[in-house]
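Contents: one structure, followed by commentary.
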There are 2 protein chains.
Amino acid sequence: MSSEVSCANCPLRRHAAFRPNEAAEIAFIERFKSRQRSVSAGASILREGERSDRLYTILSGWAFRHRSLGDGRRQILNFLLPGDFVGLQQELDHDAMHGIEALSDVTLCVFPRQRLWHLYQEFPSLAYDLTWLCAHEELIVDENLLSVGRRSAIERIGMLLIHLYKRAASVGIGGGDAIPLPIGQQHIADALGLSLVHTNKTLRRLHTLGLVELRGGTLRIGDLARLQRLADYHALPLHARPLI
Amino acid sequence: MSSEVSCANCPLRRHAAFRPNEAAEIAFIERFKSRQRSVSAGASILREGERSDRLYTILSGWAFRHRSLGDGRRQILNFLLPGDFVGLQQELDHDAMHGIEALSDVTLCVFPRQRLWHLYQEFPSLAYDLTWLCAHEELIVDENLLSVGRRSAIERIGMLLIHLYKRAASVGIGGGDAIPLPIGQQHIADALGLSLVHTNKTLRRLHTLGLVELRGGTLRIGDLARLQRLADYHALPLHARPLI
DNA sequence: CGTACTATTGAATCGGGTCAACGTCTGTGG
DNA sequence: CCACAGACGTTGACCCGATTCAATAGTACG
C-alpha cells in the first residue's frame with residue numbers, strides 16, 4: 001500500500017512545525033530507522049502490558065495512547081498525530097504502562113530502542129529534540145488532566161475539539177473550518193472521563209448551538225471564537241452562568 | 001539555614017534510586033549548577049504564567065506542580081520529591097504553563113537553562129538521564145489522569161496515598177508504616193479533581209476502616225495490602241460492590 | 001484569648017452516570 | 001433489491017456519587 005519513504009524527503013519536514021535538519025542528521029535518522037510499519041484503523045499498535053523495544057514516529061494517520069483498569073474502564077491519555085514520537089514513556093526492560101491504538105490507517109517509522117543511546121552520543125541536537133518532544137507531550141497530558149479534573153463536561157469537550165482542530169491544522173491536516181477527525185463519541189468520552197451517553201448529549205448541545213459538527217469522520221467548527229469563550233467560560237460557578 | 005552542598009557528596013546519591021555518576025559528570029554538574037535556593041513552606045517556586053530561564057532539582061522537601069483556571073479552580077498535576085527535576089516542561093522563551101509551590105521548606109539546585117544545550121553536547125549520559133526523568137514524570141501524570149478520569153473517589157485517594165507513600169520510601173523519607181506528608185486535604189482534593197468536603201468524608205471513611213491516618217503532617221498506612229486491594233477494586237460496577 | 005487556618009459534619013441539590021430503547025447507516029449475502 | 005447483523009449515534013427516565021452551602025469543632029500562633 002504505502003511505499004517506503006526516505007527520510008531525506010520525509011513529508012513531515014514540509015511543515016513549519018518541524019525544525020530543519022542537517023544532512024548528517026538526516027543520514028543518521030535514515031540509518032537509525034529500522035523500517036516502516038502500517039497499521040489499519042482500529043488495530044492495536046502496542047498492547048498495554050506488553051514489552052517492546054521499539055520507538056515509533058507517526059508518519060501519517062491518527063492514534064491514541066491509553067491506560068485501562070481491569071474492569072474495562074479506559075482512559076485515553078492523549079491523541080497522536082503525524083510527527084508525534086512514542087515509546088520513551090515506558091522504561092527499558094519493562095512492560096508498557098499504556099497501550100497505543102490506531103484511529104485511522106497509520107504509517108509508523110520504527111526505531112530500535114537499543115540504538116537510542118547511540119543517538120545521544122552522536123547527535124546531541126537530535127537528543128535535544130527528543131527531550132523537547134517528550135516535554136511537549138507531557139504538556140498536553142497536563143492540559144488534559146486539568147480538563148478532566150476541573151472542567152465541566154461542555155468545557156472539556158469544547159477544549160478537546162479546539163485542541164485537536166489546532167493540532168491538526170499545525171501539521172497541515174484539513175483546511176478552513178473543518179478537519180478529518182476519525183474518532184467516535186466513545187473516544188471523546190474515554191479521553192475526558194465522561195460517560196458515552198453524557199458525551200452524546202453534550203455534543204448534541206454544542207451542535208444545536210451551532211458551534212461544532214462532528215459527523216462522518218469530519219469535525220467542523222462553526223464558530224471558533226464563541227466555542228473558545230464557552231470552553232474557557234470559568235468566571236462564574238456553574239449554576240450562575242447564563243445559558244450561552 | 002541550609003549550607004551549600006557540593007555535588008560530589010550530594011545526599012541524593014546515597015539512595016539506590018539514583019545512578020552512580022562518574023567524576024567527570026559530577027564535575028560538570030557542579031559547574032552547571034548556578035546556586036542553591038531555599039523556599040519556605042507554602043511559598044511559590046514558580047508562578048503560573050511567569051517566564052523563567054531556570055531549571056530546578058529538588059534537593060530536599062516537598063512541592064507540587066499545578067495549573068489553574070481563571071476562577072480559582074486548581075488542578076495539581078503531580079507532587080515533587082527530592083531528586084525530581086522541573087523546568088523542562090515549559091518551552092524556552094515561553095511563559096510557564098504551570099506553577100510550582102512548596103509544601104514544606106524546600107531546597108532547590110538551580111541550573112541556568114542556557115547551559116542545557118552544553119550539557120547535551122558534552123555529556124550525553126546526563127542528557128539521557130534527563131530524558132528519562134522527563135519520561136518518568138509523564139508516567140506519573142498519566143497515572144494521575146487515569147485516576148481522575150476513571151476511578152471513584154475512594155479509589156483515587158487510596159491510589160494517591162499509596163503512591164506518595166512508596167515514592168517517599170524510595171528516596172529514604174520516613175520508615176515503617178509512616179511517612180511525613182506535609183499536605184492538607186485541599187491538596188488531595190486538588191490533585192484528584194474532588195471537592196474539599198467529599199475528600200474529607202472519604203478520608204474519614206478510610207480512617208474508620210483502619211486503612212490510613214493522615215494527621216499532623218504524617219501519613220500512616222494501617223494496612224497496605226488491604227488499601228491496595230480497595231484502591232484497585234475495579235472488577236465490579238460501583239453499586240454491586242460489597243462494603244469492603 | 002482572639003484571629004485564622006484547617007478539619008468535620010449534616011442537608012439539600014445537581015451534574016453526570018446507568019439503564020434501556022430506539023434510530024441510522026453500512027456492509028454482506030442471498 | 002431486500003433482509004439481516006453489527007457498529008455507532010440519540011433519547012428519555014431514573015438514580016447516585018459528588019458538589020455546594022452552611023455551620024461547628026479543633027489547632028496553631030502572635
Side-chain angles (χ1 to χ4, degrees), chain A residues 40-43 69 71-75 101 103-104 147-158 181-208 212-219 233-234 236-241 243, chain B residues 40-43 69 71-75 103-104 147-158 181-208 212-219 233-234 236-241 243-244:
Chain A
S40 51
L69 303 177
D71 62 349
R73 280 176 283 173
R74 181 175 72 165
Q75 178 65 42
E101 205 174 299
L103 282 165
S104 64
S147 274
V148 175
R150 290 306 184 195
R151 282 196 247 252
S152 71
I154 204 167
E155 289 171 332
R156 289 184 216 186
I157 295 188
L181 188 62
I183 72 179
Q185 303 189 342
Q186 184 68 65
H187 292 116
I188 297 182
D190 285 345
L192 300 178
L194 295 169
S195 74
L196 175 58
V197 174
H198 196 60
T199 299
N200 176 286
K201 285 172 178 167
T202 308
L203 218 36
R204 199 103 281 294
R205 190 143 147 259
L206 284 171
H207 184 239
T208 307
V212 299
E213 186 185 19
L214 179 57
R215 262 190 33 209
T218 299
L219 167 67
Y233 195 58
H234 50 235
L236 300 167
L238 269 180
H239 64 81
R241 301 178 198 175
L243 307 167
Chain B
S40 51
L69 303 177
D71 62 350
R73 282 177 283 174
R74 180 176 74 164
Q75 178 65 42
L103 282 165
S104 63
S147 274
V148 174
R150 289 306 184 196
R151 282 196 247 251
S152 71
I154 203 167
E155 291 171 332
R156 288 184 218 185
I157 295 187
L181 188 63
I183 72 179
Q185 302 190 343
Q186 184 67 64
H187 293 116
I188 297 182
D190 285 345
L192 300 176
L194 294 169
S195 73
L196 175 59
V197 174
H198 197 57
T199 299
N200 176 286
K201 285 173 178 165
T202 308
L203 219 35
R204 202 99 281 294
R205 193 138 83 80
L206 285 171
H207 183 240
T208 306
V212 299
E213 185 186 18
L214 180 55
R215 262 190 34 209
T218 298
L219 167 68
Y233 195 60
H234 50 236
L236 300 168
L238 268 180
H239 64 82
R241 299 180 199 173
L243 307 169
I244 310 293

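The structure displayed is predicted, hence computed values, not measured ones. Here is the naming used below: chain letters follow the sequence lines, and residue numbers restart at 1 for every chain.
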CG of A/Leu214 versus P of D/dG9: gap in Å, rounded?
-> 8 Å
Among C/dA7, C/dG16, D/dA18, which is the nearest nucleotide to the side chain of B/Gln185?
-> C/dA7
Regarding the side chain of B/Ser195, the nearest nucleotide among C/dT8, C/dG16, D/dT20 is D/dT20
Heavy atoms only: give me the nearest A/Leu203-A/Gln185 pair and the separation to one decimal.
-> CD2-NE2, 3.8 Å
For A/Gly193, report the nucleic acid contact type (base, sugar-phosphate, nothing); a contact means any heavy atom under 4.0 Å.
-> sugar-phosphate
Pairwise distance CZ(B/Arg205) to CD1(B/Ile157) - rounded to 0.5 angstrom | 9.5 Å
When rounded to whole Å, the CZ to C1' distance for the pair A/Arg150 and D/dT19 reads 10 Å
Distance in angstrom units between B/His187 NE2 and C/dC5 C1', rounded = 12 Å
Sidechain-backbone polar pair: A/Asp71 side chain, A/Arg73 backbone, donor-acceptor under 3.5 Å | yes
Measure the distance from CZ on B/Arg215 to P on D/dG26 and round it to the nearest whole Å.
-> 12 Å
Go through residues 196-204 of chain B and report each residue with a non-hydrogen atom lying under 4.0 Å from DNA chain D, sorted by number.
-> B/Val197, B/His198
Return the value, rounded to whole Å, for the distance between atom NE2 of A/His207 and atom P of D/dG9.
-> 14 Å
Please report, rounded to the nearest Å, how far the P atom of C/dT9 is from the CZ atom of B/Arg205.
-> 14 Å
Rounded interatomic separation in angstrom, taking CZ from B/Arg73 and P from C/dG15 = 13 Å
Atom CG of B/Leu206 and atom CD1 of B/Ile154: how far apart are they, to the nearest 0.5 Å?
-> 4.5 Å
Nearest listed nucleotide, side chain of A/Leu194, among C/dG17, C/dT8, D/dT19 | C/dG17
Taking atom CG of A/Leu181 and atom OG of A/Ser104, what is their separation to the nearest 0.5 Å?
-> 10.0 Å
Between the main-chain N or O of A/Arg156 and the side-chain N or O of A/Arg151, is there a donor-acceptor pair closer than 3.5 Å?
-> no
Could you pull out every donor-acceptor pair under 3.5 Å between side chains of residues 186-195 of chain A and any protein atom, sequence neighbours left out?
residue: A/Gln186; atom: NE2; partner: A/Asp190; partner atom: OD1; Å: 3.2
residue: A/His187; atom: ND1; partner: A/Gly184; partner atom: N; Å: 3.1
residue: A/Asp190; atom: OD1; partner: B/Arg150; partner atom: NH2; Å: 2.9
residue: A/Asp190; atom: OD2; partner: A/Arg74; partner atom: NE; Å: 2.9
residue: A/Asp190; atom: OD2; partner: A/Arg74; partner atom: NH2; Å: 2.9
residue: A/Ser195; atom: OG; partner: A/His198; partner atom: N; Å: 3.1

Between atom CG in B/Asp190 and atom P in D/dT19, what is the gap in whole Å?
-> 11 Å
